[in-house]
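Below is one structure, written out as structure tokens; the observations come after it.
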Amino acid sequence: MPVTSHDLLHQAKERPLVVPEARRRNLASRAYYASYHRCLEWERSLPARGNPLKRRGGVHQRLILRLQTPDTQCTGEQANLSRWLGDSLDELRKLRVRADYKLSEELDRRELSVQVGLAQEVFDCCDGRRKP
């Protein structure tokens, strides 16, 4: 059975009171990937994708750049949300990179809480439950 971006976010939010660091890293990563997939879904609702001048990086970086530079066909509200989502996804990605690759740097509970909270905000904005 396929999973959804909402399933990934739900998994990132499930955590016991005491979370070992390895689990915190996994949860931080899940929060990012949930947000990445939700932003991809949201981008499909736009009249046109952003077209950044710089076309560098992999698929994740390119999505962030497209969101940060919305197309002129977007409404003002869509453009503002798109830029906010791009910036938020970039922040989520930075912590995901730390969690996945910088094993010598501690990832504390507060950082995980911020990561999961920002991921929830991304979903709330994409789902129309709040504005950035």
Side-chain angles (χ1 to χ4, degrees):
M1 175 181 199
V3 299
T4 68
S5 57
H6 290 276
D7 295 330
L8 294 176
L9 179 63
H10 181 72
Q11 184 182 44
K13 291 169 69 175
E14 287 181 354
R15 55 182 189 253
L17 293 175
V18 178
V19 182
E21 184 164 353
R23 180 78 173 127
R24 285 196 301 268
R25 289 173 180 276
N26 183 274
L27 294 171
S29 186
R30 292 298 94 208
Y32 167 74
Y33 281 108
S35 298
Y36 168 80
H37 287 290
R38 184 62 189 99
C39 285
L40 269 177
E41 295 163 3
W42 180 83
E43 182 188 40
R44 290 186 194 112
S45 73
L46 296 175
R49 292 184 349 176
N51 193 11
L53 295 175
K54 298 177 183 176
R55 296 174 192 233
R56 67 180 197 280
V59 294
H60 294 256
Q61 184 63 37
R62 289 195 309 266
L63 172 62
I64 290 167
L65 290 170
R66 287 194 312 266
L67 292 171
Q68 290 173 330
T69 56
D71 190 86
T72 57
Q73 293 181 51
C74 294
T75 66
E77 188 173 320
Q78 288 171 326
N80 287 338
L81 178 53
S82 185
R83 282 187 288 273
W84 183 85
L85 289 171
D87 292 345
S88 297
L89 194 58
D90 192 37
E91 286 303 310
L92 290 163
R93 184 172 185 238
K94 288 174 187 172
L95 187 58
R96 196 273 308 168
V97 167
R98 276 191 53 224
D100 288 348
Y101 299 110
K102 306 208 185 249
L103 301 183
S104 63
E105 296 177 14
E106 183 181 355
L107 186 80
D108 64 34
R109 287 181 188 88
R110 184 194 60 77
E111 289 173 301
L112 174 60
S113 179
V114 168
Q115 182 86 341
V116 173
L118 183 54
Q120 183 63 61
E121 288 181 50
V122 164
F123 272 73
D124 289 346
C125 287
C126 287
D127 295 341
R129 291 191 295 268
R130 68 171 300 229
K131 297 193 185 300

One should read off an interatomic distance between Asn51 CG and Leu65 CG, to the nearest 0.5 angstrom, of 11.0 Å

Give the minimum heavy-atom separation between Leu112 and Ala28, together with the two atoms involved.
CD1-N, 3.6 Å

Which of parallel (below 30°), tilted (30 to 60°) and perpendicular (above 60°) describes His37 and Tyr33?
tilted

Assess whether side chain to side chain donor-acceptor pair (under 3.5 Å) is satisfied between Glu41 and Ser5, documenting all intermediate values.
CA-CA 9 Å; Glu41 295 163 3; Ser5 57; 3.2 Å; yes

Should Trp84 and Leu40 be counted in the same cluster of Ile, Leu, Val, Met, Phe, Trp and Tyr side chains packed under 4.5 Å apart?
yes

Quick one: pull up CG in Leu63 and CD in Gln68 and give me the separation to the nearest 0.5 Å.
9.5 Å

Tell me, do Asp87 and Glu91 make a side-chain contact under 4.5 Å, heavy atoms counted?
no

Hey, could you give me the OG/CG distance between Ser113 and Leu27, rounded to the nearest 0.5 Å?
11.5 Å

Less than 4.0 Å between a side-chain N and a carboxylate O, is that true for Glu111 and Arg24?
no

For residues Gln73 and Pro47, report the shortest heavy-atom separation together with the two atoms involved.
O-CG, 3.4 Å

Compare all side-chain heavy atoms of Leu67 with those of Cys39 and state whether any distance is below 4.5 angstrom.
yes

Is the shortest heavy-atom distance from the side chain of Leu85 to the side chain of Cys126 under 4.5 Å?
yes

Nearest-0.5 Å distance that lies between atom CG in Leu95 and atom NZ in Lys102
12.0 Å

For Glu105, is the CD atom crowded, meaning more than 12 foreign heavy atoms sit under 6.0 Å from it?
yes

Would you call Asp90-Lys94 a salt bridge at under 4.0 Å N-O?
yes

Following the transitive rule for hydrophobic clusters with a side-chain heavy-atom cut-off under 4.5 Å over Ile, Leu, Val, Met, Phe, Trp and Tyr, establish whether Leu92 and Val59 coincide in one cluster.
yes

Given side chain to side chain contact (heavy atoms under 4.5 Å, CB included), test Leu89 with Arg93 step by step and report yes or no.
CA-CA 6 Å; Leu89 194 58; Arg93 184 172 185 238; 5.7 Å; no

Determine yes or no for a side-chain-to-main-chain donor-acceptor pair under 3.5 angstrom, with Ser82 supplying the side chain and Gln78 the backbone.
no

Please evaluate residues Arg30 and Asn26 with respect to the criterion side chain to side chain contact (heavy atoms under 4.5 Å, CB included), reporting the C-alpha separation (whole Å), side-chain torsions for both, the decisive distance (0.1 Å), and the verdict.
CA-CA 6 Å; Arg30 292 298 94 208; Asn26 183 274; 3.7 Å; yes

How about Arg129 and Gln120: do any of their side-chain heavy atoms sit closer than 4.5 Å?
yes

Main chain of Val122, side chain of Arg38: is a donor-acceptor contact present, judged purely on distance under 3.5 Å?
no

Report the distance from atom NZ of Lys131 to atom CG of Leu81, rounding to the nearest 0.5 Å.
8.5 Å

Test item: Glu21 side-chain N/O and Leu107 main-chain N/O as donor-acceptor pair under 3.5 Å
yes

From Ser35 atom OG to Trp42 atom CH2, the distance as rounded to the nearest 0.5 Å:
14.0 Å

Shortest non-hydrogen pair, Ala31 vs Gln115, comes out as CB-CG, 3.8 Å

With distance as the sole test, does Arg66 use its side chain to make a donor-acceptor pair with the main-chain N or O of Gly50 at under 3.5 Å?
no

Find out whether His60 and Tyr32 are in side-chain contact, i.e. whether some heavy atom of one side chain is under 4.5 Å from a heavy atom of the other.
yes

Closest heavy-atom pair, Ala48 versus Cys74, reported as atoms and distance to 0.1 Å, is O-SG, 4.0 Å

Under 3.5 Å donor-acceptor, Arg25 side chain and Asp100 backbone:
no

